[in-house]
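In what follows, chains carry the letters A, B, and so on, assigned in the order in which the sequence lines appear, proteins first and then strands, with residues in each chain numbered from 1. The figures that follow rest on heavy atoms only: side chains count, while hydrogens, waters and symmetry mates do not.
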Amino acid sequence: MLGEKAYYVTTPIYYVNDAPHIGHAYTTTAGDVLTRWHRQRGEKVWYLTGVDEHGTKVQRAAEAGGVTPQAWVDRLVEESWLPVLETVDAANDDFIRTTDDRHVARVQKFWEKVRDNGFVYSAPYEGPYCVGCEEFKLPGDLVDGTGEYEGQQVCPVHSRPVEQLREDNWFFQLSAFADRLIEHYEAHPEAVRPQSAYNEVMAFLKQGLVDISMSRSSVDWGIPLPWDDTQVVYVWFDALLNYATATGYGSEAGTDDAARYATTWPANVHLVGKDILRFHAVYWPAMLLAAGEPLPSQVFAHGWLLVGGEKMSKSKLTGIAPEDIIDHFGSDAFRYYFMRAISFGQDGSFSWEDMSARYTSELANGLGNLASRSTAMVGKYRDGALPEPGPLTAAEDAVVERLASATTNADAAMDELDFSTAIGEIRSVVELVNQYVTEVEPWVLAKDDANAQRLDTVLYTMCEVLRAVAVLYNAVMPKAMASLWSQLGAGEALGDLAAQRIADAGRWGQLPPGSTITKGDALFPRLPDEPTEA
RNA sequence: GGCGGGGUAGCUCAGCCUGGCAGAGCAAGCGGCUCAUAAUCGCUGUGUCGCGGGUUCAAGUCCCGCCCCCGCUACCA
């Protein structure tokens, strides 16, 4: 049976040798929110993340640690990279490692194919090589060193001296694809987003492309070329392929893996940081064209997280580990904050103070308190049983309408990966209900039995909106919304929260009267200030 | 040097495409309320919209020039 094409989202595969910081977690979170949302649209979804394990840096770090490269990366994956997925609460469908057998075999198959197609040739290469970048530099790329490297030419990225290397390399005929890529991107302007990233890619392409070395003889820790075992595949041309190899590229027809590939590739969205845009929007599609594979629908380059106005840096010690934040605020707040406070695609500033302020105001005081007052009142006035509502008045109609439009708007924003706007729409519903409650004063209605039906209507409205909010926020804050779902007693009649559809979220009257409403632990407890040094 | 993004309230930002009384959230102040997590609701904004010109009845928005920050890219050496 031919399966439906999955909505396929990838993160970059993270370089194992780096310590995971909130920049990695940010990308992973964005992909997770996006894919959870699409699942709740009822779509088939596939979400892939993983790690990049080859290259000189890993080889040398392993040697320095006195272990084999494989042992070195096994430990990093086990101790650092898999745990961070738990930390941010990512629900990825697969985790690819470039040392996986499936990856290694398929990378070799891929390059064999590209070579058969005539896009790989042998030539000597000599030049300055930066181990940090894992790439050859042009002499013009180098800058004068400072400090301990005064008087030497150094890599502009790593500010360290380069090594002069000469190799007989295999080259990928990148130059053959510039025109086809330009045509492709002119026909599909949405394929590189945001617009600024698209412009950069087009400008780069229009300068023309030069062929690029796709192998290394000076590196051992990599995937051997199938036709020349003295060389390994250049790490980028190994790593990029993970998006295809993970879902089964090159599998025998008729196998499960082949079926998976047929129903996932091409990717709908490759999420990338803007530093690796060119690899994803130029080299990667050129490789795919060379192998005769379809191109991904979109590469989305998000911005940097700025700390103290500067780009977070692995090497400059401004990297912040996700646990530092999540141990205090929890994974839901982490996910909410970065998706809400920063416009995806633009740089955004992070500060502990800003995160604290938003947590307190938007989550604890806003949503958390609304849940608290709603469940408390049903408990106090109706013994915890959701009452049957009476006729809706204009006040309820306004809430129902805002809920419907917010749902529509949030869904449209998610199509654009505009997480901030989507969350803002949902938040506006919470604000309106807090306002509504103040205006209709259920605690006053409760003082006179003559108002019993009116009070029923108000209590029902509060809980029914929370039911919808739980559905809409589930992609962003799955743990807290599961708790809310449970406090509303919604599971009994409506089933699992994750199974609730976005399109239906705004349909009024789903939570059945009689549902058991329980005031549970605070969704977002107020937190003490500054638990750790910021 | 070229291209792109940014420069708007104390802070974070929206508005600019398609000109029409300068906005939101946070923070701060005052008031209301008491169901709730010291919470919630309302009211309170004289800002050189980076600078200087221009077009227009009208410019944050369009045009020209310039400054600063960030990114991509080139060249000179």
query = For the atom pair OG (A:Ser331) and CE (A:Met477), what is the distance rounded to the nearest 0.5 Å?
reply =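 So the OG of A:Ser331 and the CE of A:Met477 are separated by 10.5 Å.
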request  = Would you please name every residue forming a side chain to side chain contact (heavy atoms under 4.5 Å, CB included) with A:Lys206, sequence neighbours left out?
outcome  = A:Ile182, A:Glu186, A:Met202
ask   = Counting heavy atoms not belonging to A:Glu492, are there more than 12 under 6.0 Å from its CD?
value =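 No, not enclosed.
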Dump every N/O contact between nucleotides 8-15 of chain B and the protein below 3.5 Å, one line per pair.
residue : atom : partner  : partner atom : Å
B:U12   : O3'  : A:Ser349 : OG           : 3.4
B:A14   : OP1  : A:Gln346 : OE1          : 3.1

request  = If a pair satisfies ring pair (Phe, Tyr, Trp, His ring centres under 6.0 Å) and one of its residues is in residues 440-482 of chain A, list it, with sequence neighbours excluded.
outcome  = none
Show the atom names and distances, to 0.1 Å, of all donor-acceptor pairs under 3.5 Å that link a side chain in residues 426-442 of chain A to residues at least two apart or in another chain.
residue  : atom : partner  : partner atom : Å
A:Arg427 : NH2  : A:Glu431 : OE2          : 3.4
A:Ser428 : OG   : A:Arg402 : NH1          : 2.2
A:Ser428 : OG   : A:Glu425 : O            : 2.6
A:Asn434 : OD1  : A:Arg373 : NH1          : 2.8
A:Asn434 : ND2  : A:Gly366 : O            : 3.3
A:Tyr436 : OH   : A:Glu396 : OE2          : 2.5
A:Thr438 : OG1  : A:Asn434 : O            : 3.1

query = Roughly how far apart, to the nearest Å, are B:G42 and B:G54 at atom C1'?
reply = 45 Å
message = Need to verify one output field. Residue with the more 5' nearest nucleotide on RNA chain B, A:Val430 or A:Gln195?
response = A:Gln195
inquiry  = Need to verify one output field. Residue with the more 5' nearest nucleotide on RNA chain B, A:Gln435 or A:Lys274?
reply    =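 The residue mapped nearer the 5' terminus is A:Gln435.
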So [X], base contact, sugar-phosphate only, or nothing? Heavy-atom distance under 4.0 Å.
X        : value
A:Leu370 : nothing
A:Arg340 : nothing
A:Gln207 : sugar-phosphate

Pair assignment for [N], Watson-Crick or G-U wobble, requiring both distances under 3.5 Å:
N     : result
B:C30 : B:G42
B:G1  : B:U73
B:G23 : B:C13

Could you tabulate the donor-acceptor pairs under 3.5 Å formed by side-chain atoms of residues 517-527 of chain A, not counting sequence neighbours?
residue  : atom : partner  : partner atom : Å
A:Lys519 : NZ   : A:Ser372 : OG           : 2.8
A:Arg526 : NH1  : A:Asn365 : OD1          : 2.9

ask   = Out of B:G4, B:C72, B:U37, which has the shortest distance to the side chain of A:Glu200?
value = B:C72
request  = Using the ring of A:Tyr234 (Phe, Tyr or Trp, six-membered ring only), decide whether A:Arg216 places NZ or CZ under 6.0 Å from its centre and within 45 degrees of its axis.
outcome  =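 Geometry flag: set, cation within 6.0 Å and 45°.
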ask   = In B/S/- notation, 5' to 3', how is nucleotides 27-35 of chain B contacted by protein heavy atoms closer than 4.0 Å?
value = ------SSB
